[in-house]
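First comes the structure, then the notes that go with it.
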2 protein chains.
Amino acid sequence: MAVTMREVAQQAGVSVATVSRVLNASGPVGEETRQRILETAGRLRYVPNGTARNLTTSTTETVGVLLPDLYGDFYSEVIRGVEGAVRAARYHTLLASVHDGPGELVRGLRTLVGRVDGLVVMSPDIEADVLRANLPASLPVVVLGGEVAGHGSVDIDDAAGAAAMTRHLAGLGHRRIALVSGPAPNADARARRDGHRQALAEAGLAPDPALELAGDFTEASGYAATAAFLALSPRPTALFAANDAMAIGALRGLREAGLDVPGDVALAGFDDVPVARFVTPALTTVHVPIDEMGARAVASVLGAVRDPDSVPSALTLPTRLVVRESCGARS
Amino acid sequence: MAVTMREVAQQAGVSVATVSRVLNASGPVGEETRQRILETAGRLRYVPNGTARNLTTSTTETVGVLLPDLYGDFYSEVIRGVEGAVRAARYHTLLASVHDGPGELVRGLRTLVGRVDGLVVMSPDIEADVLRANLPASLPVVVLGGEVAGHGSVDIDDAAGAAAMTRHLAGLGHRRIALVSGPAPNADARARRDGHRQALAEAGLAPDPALELAGDFTEASGYAATAAFLALSPRPTALFAANDAMAIGALRGLREAGLDVPGDVALAGFDDVPVARFVTPALTTVHVPIDEMGARAVASVLGAVRDPDSVPSALTLPTRLVVRESCGARS
DNA sequence: AGACCCGATGTAATCGGTTACAGTCAGTGT
DNA sequence: ACACTGACTGTAACCGATTACATCGGGTCT
């Protein structure tokens, strides 16, 4: 249907090889011929077919990104980081997203194979076997937020970030610090909880299971957790939500209960999503360099693309404590 | 490098055609042979090459998205809308972003050609010729936020939205309403300004050029505009920023000048970005269904993919006034 | 003058699949 | 016994590019 190189060649009275040479400046061509071909291509509105080019050159100049779901600031941010790095390398981005279910992951992987030179995969629970079975061994893969044997990975130091926050709260004098944790199966949620516990121990505060409230990373669950929080006796003076969404939900819950933040309760989150600085009081949180994760993952993938023998690296990015108003440190 | 179908065929002692038939269930194959091929493919970790399949079937099941830049809530939101719709149709998304410069746009377009079945293009100023010259005539294209002859488009009704807001402010009793407008060349910015002017006229208020402050859609320019705003005499009682980013900048500026919002000045924005509901006071704004734009654009593209003879449609989505606290309507 | 080099161009193989067409073979109806 | 049918499988063309190799002609060097 679309115009092909063959048609251009015929119209210009030359062979396809010559046309190709002109278009890619890949060989000597007489100036007159060159002009004629260019003119013909323009007239016929010829645009080379990317797929065909990919096939012959067996390179796509594309990095595939597989994400579990596209909703939430988190994934937008990842995409931004990835796209920036990809574009800087003059590559392209092929995006695929999958929701729950093992079949979905496989489907997502397979649609990417052959169409990308490397892959950035982010999925709450990826197993090495699934990757192995559905990807050619030669395809560089970097896993985001988790480690998988044999592949590169970029992760954040959840435990250290959570520990820093808990240490900060303890340093402000809080002795009863409640935690709204994330969904149990989630690796990030577990690491944050562990970091929190460890910091408590270091501060000489006995971790108390009663102070660990259940949450699932949604704003609604943060709001719901305030009920449990208020039922605690004596009431903790600080509430640490394992992510910002839950912290914002909790903020609403606390406010509705007539409590002042940070006056009555110090509140902290985790992630530093964009809205964190805009809520009132501005949320003290742990900054997670999400876009940088994406960028690093891309760098790692492209490194492997260029040098297939390079050893996949496992990177752990540090987080940063962001003290704003909700914890009362500056009020 | 990767395992090909040919190798699987050899190992299984059959022809490539049979392998293809098994993998796609596209023809009768003996049960015993079938199992043998499946086993062999699994053992060799064969995964079909997407590019090659695309080439022969001349269909990619992919929708390309061309965006001007990936920063800002706006584009994230577009991507979300697009991805959701694309996934629902069991298609894939190929993302390309371009920054300024005509060469960039052309580059972006060309990387997509042949690799997608349809295209959603969003760029502040696209010209019909550029699209025509760099895309095969047969490729369905839908333009986002602007109209281009011969292509489908999805746009929002900027003028009506701005008019609604200005009408709302006038209805609250404001007689001097300042506008921080967007960059002059931007079509959205112009439409919003025009809607504003028209609503003023309808309300019997003479549009006053002195009340139109320059901005460029950035938060910084909104902040900067407050200086000009404060210099107006008599000071207007309402400030309408042509987008939320500028409104938030202005909010900061007004607060620093010791003015209360909405007590001293009613403030309104446009876009309803996610943070709009979280700033204090919550921002009154015009909701723009960004993700829906993306979804509609995809629907339009896929419609054209399925029926190449369908007439491209020009869709204009309505906006919705969102009254929160910053305009004083509810205080 | 003959060997040689180089620029300009064409021929054809190739990438990894899909698929139209053709062939084989066993079973069936007459 | 013969033509026919249909399930099963293979051969080879094709998708639209890239590119190794071959060809050809004129200019240069000795």
Side-chain angles (χ1 to χ4, degrees), chain A residues 1-38 40-41 44-62 110-117 136 138-139, chain B residues 1-38 40-41 44-62 110-117 136 138-139:
Chain A
M1 182 122 299
V3 181
T4 72
M5 211 173 77
R6 214 167 302 274
E7 298 175 48
V8 175
Q10 280 182 342
Q11 290 269 329
V14 295
S15 73
V16 288
T18 305
V19 176
S20 176
R21 278 189 279 260
V22 169
L23 267 34
N24 303 310
S26 59
V29 176
E31 183 54 26
E32 187 195 346
T33 316
R34 220 181 80 84
Q35 288 304 332
R36 185 156 33 92
I37 290 173
L38 251 26
T40 309
L44 296 182
R45 282 210 244 144
Y46 168 71
V47 186
N49 182 310
T51 297
R53 199 200 295 256
N54 291 163
L55 185 58
T56 49
T57 60
S58 70
T59 167
T60 62
E61 306 207 312
T62 301
R110 291 189 163 239
T111 67
L112 257 18
V113 173
R115 305 168 46 151
V116 300
D117 292 345
S138 53
L139 189 70
Chain B
M1 182 122 298
V3 180
T4 71
M5 211 173 76
R6 218 165 300 273
E7 298 176 49
V8 174
Q10 281 182 342
Q11 290 268 331
V14 296
S15 73
V16 289
T18 304
V19 175
S20 175
R21 278 189 278 260
V22 169
L23 267 34
N24 303 309
S26 60
V29 176
E31 183 54 27
E32 188 197 344
T33 317
R34 219 180 81 84
Q35 289 305 334
R36 182 155 34 91
I37 290 173
L38 250 27
T40 310
L44 297 182
R45 282 210 245 144
Y46 167 70
V47 187
N49 181 309
T51 298
R53 199 201 293 258
N54 290 164
L55 185 58
T56 48
T57 61
S58 69
T59 167
T60 62
E61 306 207 311
T62 300
R110 291 189 164 239
T111 67
L112 257 19
V113 172
R115 304 169 44 150
V116 299
D117 293 344
S138 53
L139 189 70

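First the proteins, then the strands, lettered A, B, ... as listed; each starts at 1. Since we're looking at a predicted model, the values are computed, not measured.
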Residue pairs passing the side-chain hydrogen bond (donor to acceptor under 3.5 Å, both in side chains) test where at least one lies in residues 20-30 of chain A, sequence neighbours excluded: A/Ser20-A/Asn24, A/Asn24-A/Arg53
Quick one: closest heavy-atom pair of A/Ala9 and A/Val16, and the distance? CB-N, 3.7 Å
For the backbone of A/Leu55 and the side chain of B/Thr51, can you confirm whether one donor and one acceptor N or O come within less than 3.5 Å of each other? no
Whole angstrom value for the distance that separates C1' of D/dT11 from CZ of B/Arg6: 12 Å
Test of understanding: with salt bridge (Lys or Arg N to Asp or Glu O under 4.0 Å), list the residues that count as partners of A/Glu32, not counting sequence neighbours. none
Report yes if a side-chain nitrogen or oxygen of B/Thr57 is closer than 4.0 Å to either non-bridging phosphate oxygen (OP1 or OP2) of D/dC15; otherwise report no. no
Return the value, rounded to whole Å, for the distance between atom CG of B/Leu55 and atom P of D/dA17. 9 Å
Contact check, residues 11-30 of chain A vs DNA chain D, heavy-atom distance under 4.0 Å, returns A/Ala17, A/Ser20, A/Asn24
Atom CG in A/Asn49, atom CZ in B/Arg110: separation rounded to 0.5 Å? 12.5 Å
Note the angle between the end axes of the helix from C/dA1-D/dT30 to C/dT30-D/dA1, five pairs defining each, rounded to 10 degrees. 50°
Atom pair OG/CD of A/Ser15 and A/Gln10 - distance to nearest 0.5 Å: 11.5 Å
Quick one: list whatever passes side-chain contact (heavy atoms from CB on, under 4.5 Å) with A/Val3, sequence neighbours left out. A/Glu7, A/Val8, A/Leu44, A/Tyr46
Considering every strand and a 4.0 Å limit on heavy-atom distances, what is the contact class for A/Thr51: base, sugar-phosphate, or nothing? nothing
Counting N and O atoms only, with roles assigned by atom type, does the side chain of B/Arg115 sit under 3.5 Å from a partner on the main chain of A/Asn54, one being a donor and the other an acceptor? no
Using whole Å, report how far CD of B/Gln10 lies from P of D/dG10. 12 Å
Residue met sooner reading DNA chain D from 5', once B/Arg34 and A/Met5 are mapped to nucleotides: B/Arg34
Exercise: identify the closest heavy-atom pair between A/Ala12 and A/Thr40: CB-OG1, 3.7 Å
Does anyone know the first and last nucleotide of DNA chain C in reach of chain B, 5' to 3', at under 4.0 angstrom to a heavy atom? C/dG16 to C/dT19
Using 0.5 Å steps for rounding, measure from the CG atom of B/Leu139 to the CG atom of B/Asp117. 8.0 Å
Spacing between B/Arg115 atom CZ and D/dA17 atom P, to the nearest angstrom: 14 Å
What is the minimum heavy-atom distance between A/Arg34 and A/Val29, and which atoms define it? N-CG1, 4.0 Å
